[in-house]
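Reviewing the structure listed below.
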Protein chains: 2
Amino acid sequence: MRPNRPVVLDSFRKPAFLKRMRDAKPNKEKSPKKPAAAERPAGVRRPDAARIPGASVHGSLASEIGLRIVRGDYPPGTILPNEAKWSETFSVSRSAVREAIKMLMAKSLLASRPKIGSWVEPKERWNLLDRDVLAWYATSPDREVFLKTVQEFRHIIEPEATAFAAMRRTGEQMAEISQACREMGAATSLQERTRADTRFHLAILRASGNDLLVPLGVLIESAFDHLFAYTTRAVDDLNHAQKLHEAIEKNIRLQRPDAARAAVRKLLANTDHVIKSR
Amino acid sequence: MRPNRPVVLDSFRKPAFLKRMRDAKPNKEKSPKKPAAAERPAGVRRPDAARIPGASVHGSLASEIGLRIVRGDYPPGTILPNEAKWSETFSVSRSAVREAIKMLMAKSLLASRPKIGSWVEPKERWNLLDRDVLAWYATSPDREVFLKTVQEFRHIIEPEATAFAAMRRTGEQMAEISQACREMGAATSLQERTRADTRFHLAILRASGNDLLVPLGVLIESAFDHLFAYTTRAVDDLNHAQKLHEAIEKNIRLQRPDAARAAVRKLLANTDHVIKSR
DNA sequence: GAACGCAATATTGTCTGACAATACACGTCA
DNA sequence: TGACGTGTATTGTCAGACAATATTGCGTTC
């Protein structure tokens, strides 16, 4: 009764022969992690896995599995343990596992087929610019390299974005930028300052008038998180940086694209220097 | 017996008061879509919703809902119909709905809380650089604007990425680039040519040595999809473009960053021109 | 002995039904 | 009028079952 199966034009990406690592535990040995949990008292649930209290089960699961993948426990091409296995490992229902896996599939970390299982997609498919993936990615290799990569990316993006902002910002967008800049100067704690700093750069991205630049804000947030956590800054450093920010604000306000671009380049060079002398 | 609930430090993002559109149908009226489906004969399932044969139910659902959101049927802040409603609307189980919603949550299109429901996140949170979101986004506004935005983005990214590639490409990466370039020249159909073209640009991104540039390949793919679909190109156009590509390939091969960057700028200018005279 | 076809099988996909956790909404009471 | 407790709607989680599917290995045939 079903109509003829239409021919799929696009050539199917066959999973080919994927490495079998089905029951292989992740590289690190975690044997003593589940001590005498067998026959745990009834009523006590979920003895394993970091259960963050405020978070949902599937959310935590997705983080756990996602982190493992990005960290390299399951290299691309590897077939993951099946859903039942995860379910057992973490003492959660299969539904929760499936929802977690669906989230990772949405980020292109995984793909799956019936009878095959779920496998790790090649790294170039990963959506590294996703907020979560980026966070996982940021924790795994040495932060040094990560920060360098992000910073390099900022060099590519931000000068041009700022130039566009100088050309196209609306009054409202300008107000956001100016306010963030002012709040940076008025901040009394480094944390407060960093927050304002982040808002400043994000506001510029939004003002650039190119929708596709906005999602790159996660990179800036990530960079600042790490900068905040791993660098301490002297007072005159901060004063100098503040002046650089104000120069950017001014040039956007006066709608001078080239000057704005140059000002951002200066700021980034300054940031580079701070990182290097970390 | 549960330990005291730890204080959540990070200030909670309260959903505040979200617009209530729970039972509001999407803007477009679709009333006569479900004709006399009441009491459908047993065994016949899923009369509603585009059921793409090869795709999974949750996948199709995610596409359908995601498209509606990106298209603007449910503006940011809107609370979506609840899971039971979707389940009924599309005649699928709640599990399928939930998995679809989880996928959209992973792309930051949605967020949800018990008792509240799922609401559309503010647009600046959307992960527009996600392959699916981008595809949905590409269909909704007039393509003109979309293509312009993507093209502008390419102007920001590709020259710098190519310069980096010229500095850091490995031999293997160079081989990929060269091969794609050759295949472009040898292509016998426009489709084949476009595929090789895409591969060429993606290979350059990979060769840039910056992991964060790689996911931007989806933009290039998207741009080429649309260029392929909406422009026809004359033969000497193609010859000219081929020479521009070969210039890029050569400069990467000879490791001349500045020349490579300039060559890419030329190619992009040419593409701009093709688009304008579309 | 090799090639082909077919069935067994393992895994994801989907459905159903139930209960828990939660936070808004309302009515009650001081 | 305001504070407080209760009702209730919605997502979150669980459990168990069956369907769909593609690989794997076996058997059959040439």
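Just so it is clear, the values below take in all heavy atoms, side chains as well, and ignore hydrogens, waters and symmetry mates. Letters A, B, ... mirror the listed sequences (proteins, then strands); counts begin at 1. Bear in mind that the values here come from a model prediction, so they are computed numbers and not experimental data.
- Between C:dA23, C:dC15, D:dG12, one nucleotide has an atom nearer to the side chain of A:S56 than all others, and that is D:dG12.
- Salt-bridge annotation for A:E183 and A:R195: absent, with no side-chain N of the basic residue lying under 4.0 Å from a carboxylate O of the acidic one.
- In this structure, CD1 of B:I79 is placed 14 Å from P of C:dA23, rounded to the nearest angstrom.
- Taken residue by residue, residues 94-106 of chain B places heavy atoms nearer than 4.0 Å to DNA chain C at B:R94, B:S95, B:A96.
- Spacing between atom CG of A:N82 and atom C1' of D:dT23 amounts to 15 Å, rounded to whole angstrom units.
- Rounded to an integer number of Å, the gap from A:F90 CZ to D:dT13 P is 15 Å.
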Inset, instruction - Starting from the C-alpha separation in whole Å, work towards a yes-or-no answer on side chain to side chain contact (heavy atoms under 4.5 Å, CB included) for B:H58 and B:R98. - result: CA-CA 8 Å; B:H58 60 258; B:R98 282 186 60 79; over 6 Å; no
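- Out of C:dC24, C:dT12, D:dT11, the shortest distance to the side chain of A:S118 is found at C:dT12.
- At a threshold of 4.5 Å between non-hydrogen side-chain atoms, the residues B:L128 and B:Y137 count as touching.
- Rounded to an integer number of Å, the gap from CD1 of B:I116 to C1' of D:dA9 is 10 Å.
- B:S60 and B:E64 are not linked by any side-chain donor-acceptor pair at a separation below 3.5 angstrom, with hydrogens and angles left out of the test.
- No salt bridge links B:D130 with A:K107; every basic N to acidic carboxylate O contact stays at or beyond 4.0 Å.
- A salt bridge links B:R131 to B:E221: at least one charged side-chain nitrogen sits closer than 4.0 Å to a carboxylate oxygen.
- For A:R113 and C:dT14, the CZ to P distance is 14 Å, given to the nearest whole Å.
- Comparing C:dT11, D:dC14, D:dT11 by their nearest atom to the side chain of B:S112 picks out D:dT11.
- When distances run from any side-chain atom of B:H58 to the nucleotides C:dT14, D:dT8, C:dT11, the shortest one goes to C:dT14.
- Put simply, CH2 on A:W119 is 14 Å from P on C:dT11, counting in whole angstrom units.
- Ranking D:dT11, D:dT21, D:dC14 by closeness to the A:V57 side chain, first place goes to D:dC14.
- Distance alone, capped at 3.5 Å, places no donor-acceptor pair between the B:S87 side chain and the B:E83 backbone.
- Rounded to whole Å, the distance from CD on A:E83 to P on D:dC14 is 14 Å.
- Among the nucleotides D:dT23, C:dT16, D:dT11, the one closest to any side-chain atom of A:K115 is D:dT23.
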